[in-house]
Visitor: 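I'd like to ask you about the structure that follows.
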Amino acid sequence: MNLPRKELFHLPDGMIYLDGNSLGPLPRAVPERLASMLQDEWGELLITGWNKADWMAQPSRVGDRVGGLIGAPTGSVVLGDTLSVKVYQAVAAAIEMRPDRKVVLSDTGNFPTDLYMADGLLKTLKAGHVLKLAEPQDVMDAIDETVAAVMLTQVDYRTGRLHDMAAITEKVHSVGAVMIWDLAHSAGAVPVDLEGINTEFAIGCTYKYLNGGPGAPAFIYVRPDLIETVRPALAGWLGHEAPFAFDLDYRPGKGIERMRVGTPPVMQITALDTALDAWDGLGMDEIRAESIQLCETFISEVEQRCPTLTLASPRDPADRGSQVSFHFENGYPAMQAIIARGVIGDFRAPDIMRFGFTPLYIDESDVIEAAKIIEDVINNALWDLPEYKTKSRVT
Ligand SMILES: *Cc1c(COP(=O)(O)O)cnc(C)c1O
């Protein structure tokens, strides 16, 4: 077994980090690589770094590395912007492919920014489109011939509930609609086979399970047979066929490059490129098997120790991503008290205590240790102090 690869990460002493689903930890190799990028590239090369250090090629080159983890063929993934922006690009491109249809379908388990961005776009268009939401378990039934595009996040950010990508995509295609998968909590967490499921679009972020650091860019995948006909709604100069021709007219670039918008975040992509080294030689199936093991142990330990917590995640590992959530009415202060004792999870309104499991740097003994600390906090009501009850800006 190749796991865990703990020595590759900086993990503060005494901390058990169960929040890699929100922000991955710092890979040890990143500070040195970034320092050299700053000194030797920005410092010494200045503007010539775009060519000499090949900064201009980063979004596609490193995009391909991400693509390797989600079953995307070379040349079908590019990095840039934030995931919210990529949602906008994907929805805009998808509805243009089905001009006769006016419904974009998503579900109530989706992350709010995906819904806000889609709704904002549809309102701007003023073309009669509507964003329709189904309950996650009712999505299959809501897919019909009125639907132009279906946009879903595979792993529910609150509960970890997993959508069946292959079955849903097949249904979407059977009614002639276009599929967009958000892989925010999937990339680096569960095996994904974009090519196999044949989705038109996929998007996701790189600061969660891929450890690219706060503000790391998002990615977008477009199915290779469609890319030359997709019209980029965000027609930025770096998605132009010839940015340095400075033409007054926009002509979309070749292939996936057209989904670029403006200047790429070079420092962030450099950090991500280094962070991705942690995956070298690993298969996602190996990660998945280990993640299931860790989640199963966590559920059984917490349920035995803390009868007042109720499982919010699906019990069957086949229906769950790489996180485990519990309902607890005092979840916010309880999580603050747990964090104060060195176990880092997070809280999602209204009552969800969420813990992410990342086999690259979490092992079985961490899980058991974490469960003991949670037991102490919950069973002895250690959360019941004013200092744990004031809400911070980020929960
Ligand atoms: C984390 C997450 C986001 C975050 O979007 P940003 O624009 O990167 O802040 C969006 N959608 C989903 C489903 C997420 O899980």
Side-chain angles (χ1 to χ4, degrees), residues 60 63-64 66-81 83-107 110 114-115 117-118 121-122 125 127 129 131-132 134 139-140 142-155 163-184 186-187 192-205 218-235 239 252-261:
S60 290
D64 278 337
V66 173
L69 299 173
I70 52 175
T74 303
S76 62
V77 174
V78 75
L79 298 171
D81 317 296
L83 178 48
S84 303
V85 174
K86 294 300 164 201
V87 169
Y88 189 99
Q89 284 186 299
V91 175
I95 58 180
E96 217 169 290
M97 290 164 62
R98 296 294 180 271
D100 302 339
R101 300 184 180 194
K102 300 293 177 191
V103 176
V104 174
L105 177 69
S106 190
D107 73 13
N110 208 342
D114 295 41
L115 306 179
M117 293 301 289
L121 164 64
L122 301 185
L125 288 176
H129 290 95
L131 177 64
K132 206 169 130 183
V139 161
M140 275 298 240
I143 300 168
D144 62 26
E145 279 162 18
T146 65
V147 175
V150 177
M151 170 189 65
L152 295 171
T153 299
Q154 187 198 10
V155 180
H163 272 311
D164 183 340
M165 288 180 80
I168 291 177
T169 309
E170 197 183 323
K171 173 94 191 263
V172 166
H173 289 163
S174 77
V175 301
V178 175
M179 187 73 222
I180 303 165
W181 280 110
D182 187 328
L183 304 178
S186 309
V192 173
D193 178 13
L194 287 183
E195 199 168 18
I197 62 157
N198 209 28
T199 184
E200 282 85 353
F201 298 93
I203 50 184
C205 49
F219 63 84
I220 186 165
Y221 162 87
V222 181
R223 207 172 71 194
D225 63 307
L226 298 170
I227 186 60
E228 299 300 341
T229 53
V230 160
R231 191 186 71 85
L234 300 177
K254 291 267 173 286
I256 194 68
E257 290 273 318
R258 72 179 55 193
M259 301 314 272
R260 291 174 65 166
V261 183

Visitor: OG/S60 to CG/L79 distance, rounded to the nearest 0.5 angstrom?
Guide: 8.0 Å
Visitor: For the atom pair CD1 (I220) and CZ (R258), what is the distance rounded to the nearest 0.5 Å?
Guide: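 Reported to 0.5 Å precision, the distance equals 12.0 Å.
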Visitor: Is there side-chain contact between I203 and F219, with at least one heavy-atom pair below 4.5 Å?
Guide: no
Visitor: Could you check if a side-chain atom of Q89 sits within less than 4.5 angstrom of a side-chain atom of F201, using non-hydrogen atoms only?
Guide: no
Visitor: Find the distance between CG (L183) and CG (L152) and round it off to the nearest 0.5 Å.
Guide: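 With rounding to 0.5 Å, CG (L183) is 11.0 Å from CG (L152).
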Visitor: List the steps, then state whether side chain to side chain contact (heavy atoms under 4.5 Å, CB included) holds for M165 with D193.
Guide: CA-CA 9 Å; M165 288 180 80; D193 178 13; over 6 Å; no
Visitor: How about V147 and E145: do any of their side-chain heavy atoms sit closer than 4.5 Å?
Guide: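 Of all side-chain heavy-atom pairs linking E145 with V147, none is under 4.5 Å.
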Visitor: Applying side chain to side chain donor-acceptor pair (under 3.5 Å), can you list everything that pairs with S186, at least two apart in sequence or on another chain?
Guide: Q154
Visitor: Is any side-chain heavy atom of T199 closer than 4.5 Å to a side-chain heavy atom of R223?
Guide: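 Heavy-atom side-chain distance check fails, nothing below 4.5 Å.
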Visitor: Which residue pairs pass the side-chain hydrogen bond (donor to acceptor under 3.5 Å, both in side chains) test when at least one of the two sits in residues 92-104, sequence neighbours left out?
Guide: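 Applying side-chain hydrogen bond (donor to acceptor under 3.5 Å, both in side chains) to every pair that reaches into residues 92-104, excluding sequence neighbours, yields E96-R231.
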Visitor: Are any of the side-chain heavy atoms of L234 and D81 separated by less than 4.5 Å?
Guide: no
Visitor: Write down the atom of V77, the atom of G63, and the distance for their closest heavy-atom approach.
Guide: CG1-O, 3.3 Å
Visitor: Restricting to salt bridge (Lys or Arg N to Asp or Glu O under 4.0 Å), what partner residues turn up for D107, sequence neighbours left out?
Guide: R161
Visitor: Does a side-chain heavy-atom distance below 4.5 Å link V104 with L121?
Guide: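 No; the side chains remain at least 4.5 Å from each other.
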Visitor: Once you round to the nearest 0.5 Å, how far does OG1 of T169 lie from CD1 of I180?
Guide: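 CD1 of I180 is found 11.5 Å from OG1 of T169.
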Visitor: With no hydrogens and no angle check, is any side-chain donor or acceptor of K86 less than 3.5 Å from a backbone partner on D182?
Guide: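 No.
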Visitor: Give, for atom CD of E228 and atom CD1 of I256, the distance between the pair rounded to the nearest 0.5 Å.
Guide: 10.0 Å
Visitor: Hey, are the side chains of V139 and K171 touching, using non-hydrogen atoms and a 4.5 Å cut-off?
Guide: no
Visitor: With rounding to the nearest 0.5 angstrom, report the OG to CG distance, S76 to D64.
Guide: 7.0 Å
Visitor: Which heavy atom in V91 sits nearest to a heavy atom in M151, and how many Å separate them?
Guide: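 Scanning both residues, the minimum pair turns out to be CG2-SD, 3.8 Å.
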Visitor: Do M179 and N198 have side chains that approach each other closer than 4.5 Å (heavy atoms only, starting at C-beta)?
Guide: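 Side chain of M179 against side chain of N198, heavy atoms only: no contact under 4.5 Å found.
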